[in-house]
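Sequence lines set the chain letters: A, B, ... in the order given, protein chains first and strands last, and positions in each chain run from 1.
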Amino acid sequence: MISFRMPSLGADMDAGTLVEWLAKPGDKVKRGDIIAVVETQKGAIEIEVFETGVLDQLLVQPGTKVPVGVPLAVIRDEGEAPLPAAVAPIAETPITAAPAQAPEAAAPEQPCPPPAPHVRASPAARRLAAERGVDLHRLVGTGPGGAIQLADVEAAAAAAAAPARPGGFDFTQMRSAIAAAMARSKREIPHYYLRDTVDLQPASDWLARGNAERPPEQRLLMGALFAKATALAARAFPEFNGHFEDGAYRPSAAVHIGVAITIRGGGLVAPAVHDAADLSLEALMAAMRDLVRRVRAGRFRSSEIADPTLTVSSLGDRGVEALFGIIYPPQVAIVGFGKPAHRPWVVDGSFAARTIVTITLAADHRVSDGHRGALFVAEIGRRLQTPEAL
Amino acid sequence: MTENDVIAAIREELARLAPEIEFGALDRTADLREQADLDSMDFLNLLTALHQRLGVEIPDADAQQLGTIDGAVAYLTRKAARAREI
């Protein structure tokens with residue numbers, strides 16, 4: 001028997017709300033299957049299972065918020081006998097039940113809702129609730145004995161009037177998650193920063209030639225070249241590709257590039273493209289398109305959030321010249337690409353108008369020094385000079 | 001395919017990418033990507049959707065011509081008419 005636990009999806013997460021089970025007891029599951037959806041500050045995340053076996057019992061009901069590490073379900077080996085039902089512990093340590101305004105998909109269907117209990121509320125609160133269409137049964141009162149007061153109704157009405165959450169994102173939560181991770185990063189990680197400018201004309205010409213023949217769905221973007229060049233360079237510079245946890249640095253053999261993706265309306269996430277150095281540019285581009293699509297829709301997978309070993313942030317062609325990133329813990333580096341720009345540039349001793357780009361590196365001084373950082377950045381720039389080899 | 005069909009296609013595909021944008025409020029002669037805050041991937045997805053939906057070839061070199069709504073309507077209407085003649 002193995003416990004399937006609430007995973008930690010990043011440095012900033014201490015609990016999550018189970019939104020939905022995507023598998024039922026008796027189902028065979030294998031490593032990588034998505035079996036649950038969990039609501040976190042980053043939005044709804046599809047949770048993958050790491051074991052192979054049979055889902056034996058679900059321990060937590062949808063709508064329950066539980067801390068990281070708490071068992072959500074029991075998985076047994078295929079040969080093992082099922083647990084007797086009576087043994088099933090029910091959500092040992094739920095913090096709180098999710099509020100009733102949780103995403104609708106989360107609410108288990110109840111053909112016959114139980115009769116509503118009597119609600120204690122002040123007359124002013126009842127009047128306002130009736131005016132604004134607020135259901136008192138759904139509120140938690142802050143008054144004496146849990147009575148609902150005017151302020152509780154006002155807060156609920158304001159929340160209901162707030163803009164809907166496109167793609168399941170709660171922007172206030174998202175902002176707190178970013179703030180927590182970035183504050184921790186700046187507090188714990190002694191950053192150093194490097195910047196270089198490289199000729200992007202060869203890559204830009206190569207991209208234009210290739211794209212000229214392709215229909216839009218098969219075209220490549222410069223961002224894919226940036227991610228690939230960084231992933232290939234990272235193989236030779238293990239001190240920028242890994243995790244610093246519990247006082248020690250563990251370089252990663254695999255290169256999982258976290259791709260920074262902005263979310264419309266505010267916020268960003270940097271989920272992983274797994275084994276980016278091993279993918280062809282076409283496959284990498286397809287993976288990035290798929291990630292962007294799913295991030296915008298508010299659905300990505302637990303491994304994509306937890307696995308990045310190095311982040312790449314690319315401003316694209318509407319932005320500024322350079323960006324200086326903040327490392328996302330427990331990673332130890334972030335590579336930034338500015339907006340490609342047309343500039344006078346010296347080629348073979350003469351001025352020429354060229355497309356150039358800045359590459360920046362923010363890295364962790366606990367793990368590396370500027371000297372190695374400089375070589376790493378130079379290697380990324382060098383690889384961009386031969387795009388056909390990416 | 002009339003100009004109105006093309007406008008409807010652009011409006012609907014744009015709404016998929018940028019649901020909060022009010023199409024009627026956009027300046028049709030100004031840079032669409034700036035107004036709708038479309039990044040490179042969004043814009044490529046818009047071209048992909050219009051190409052597939054309208055059956056019009058949009059070579060990469062012509063992408064700039066779809067940088068405004070008016071430009072995109074003119075380009076796609078013209079190309080669709082030409083495709084019909086052939």
Between [X] and [Y]: side-chain donor-acceptor atoms closer than 3.5 Å:
{"X": "A/Gln201", "Y": "A/Thr355", "answer": "yes"}
{"X": "B/Asn4", "Y": "B/Thr2", "answer": "no"}
{"X": "A/Gln331", "Y": "A/Thr311", "answer": "yes"}

Is the closest basic N to carboxylate O distance between [X] and [Y] below 4.0 Å?
{"X": "A/Glu321", "Y": "A/Arg343", "result": "yes"}
{"X": "A/Asp199", "Y": "A/Arg354", "result": "yes"}
{"X": "A/Arg209", "Y": "A/Asp205", "result": "no"}

Exercise for the section: Spell out the residues in residues 39-50 of chain B that have some non-hydrogen atom less than 4.5 Å away from a non-hydrogen atom of chain A, in order of number; otherwise answer 'none'. Expected result: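 Those residues of residues 39-50 of chain B which have a heavy atom under 4.5 Å from chain A are B/Asp39, B/Ser40, B/Met41, B/Asp42, B/Leu44, B/Asn45, B/Leu47, B/Thr48.
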Practice task
Below 4.5 Å from any heavy atom of chain B, which atoms of A/Met222 appear? Answer side chain, backbone, both or neither.
Solution key: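 Neither part; nothing is under 4.5 Å.
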Practice task
Heavy atoms only, distances under 4.5 angstrom: which of B/Glu57, B/Glu34, B/Gln52 has the most pairs with chain A? Name it, please.
Solution key: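 Highest number of heavy-atom pairs under 4.5 Å: B/Glu34.
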Exercise for the section: Select, from B/Asp37, B/Ile58, B/Asp62, the one with the greatest count of heavy-atom pairs under 4.5 Å involving chain A. Expected result: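 Of the candidates given, the most pairs with chain A belong to B/Asp37.
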Exercise for the section: Could you tell me whether B/Gln64 atom CD has more than 12 heavy atoms of other residues or ligands within 6.0 Å of it? Expected result: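 Counting neighbours around CD of B/Gln64, 12 or fewer heavy atoms of other residues, nucleotides or ligands fall under 6.0 Å, so no.
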Exercise for the section: Using a cut-off of under 4.5 Å on heavy-atom pairs, state which of A/Arg219, A/Glu217, A/Glu213 scores highest against chain B. Expected result: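 The candidate making the most pairs under 4.5 Å is A/Arg219.
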Practice task
State the CG-CD1 distance between A/Leu310 and A/Ile257, to the nearest 0.5 angstrom.
Solution key: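 Nearest 0.5 Å value for the CG-CD1 distance: 4.5 Å.
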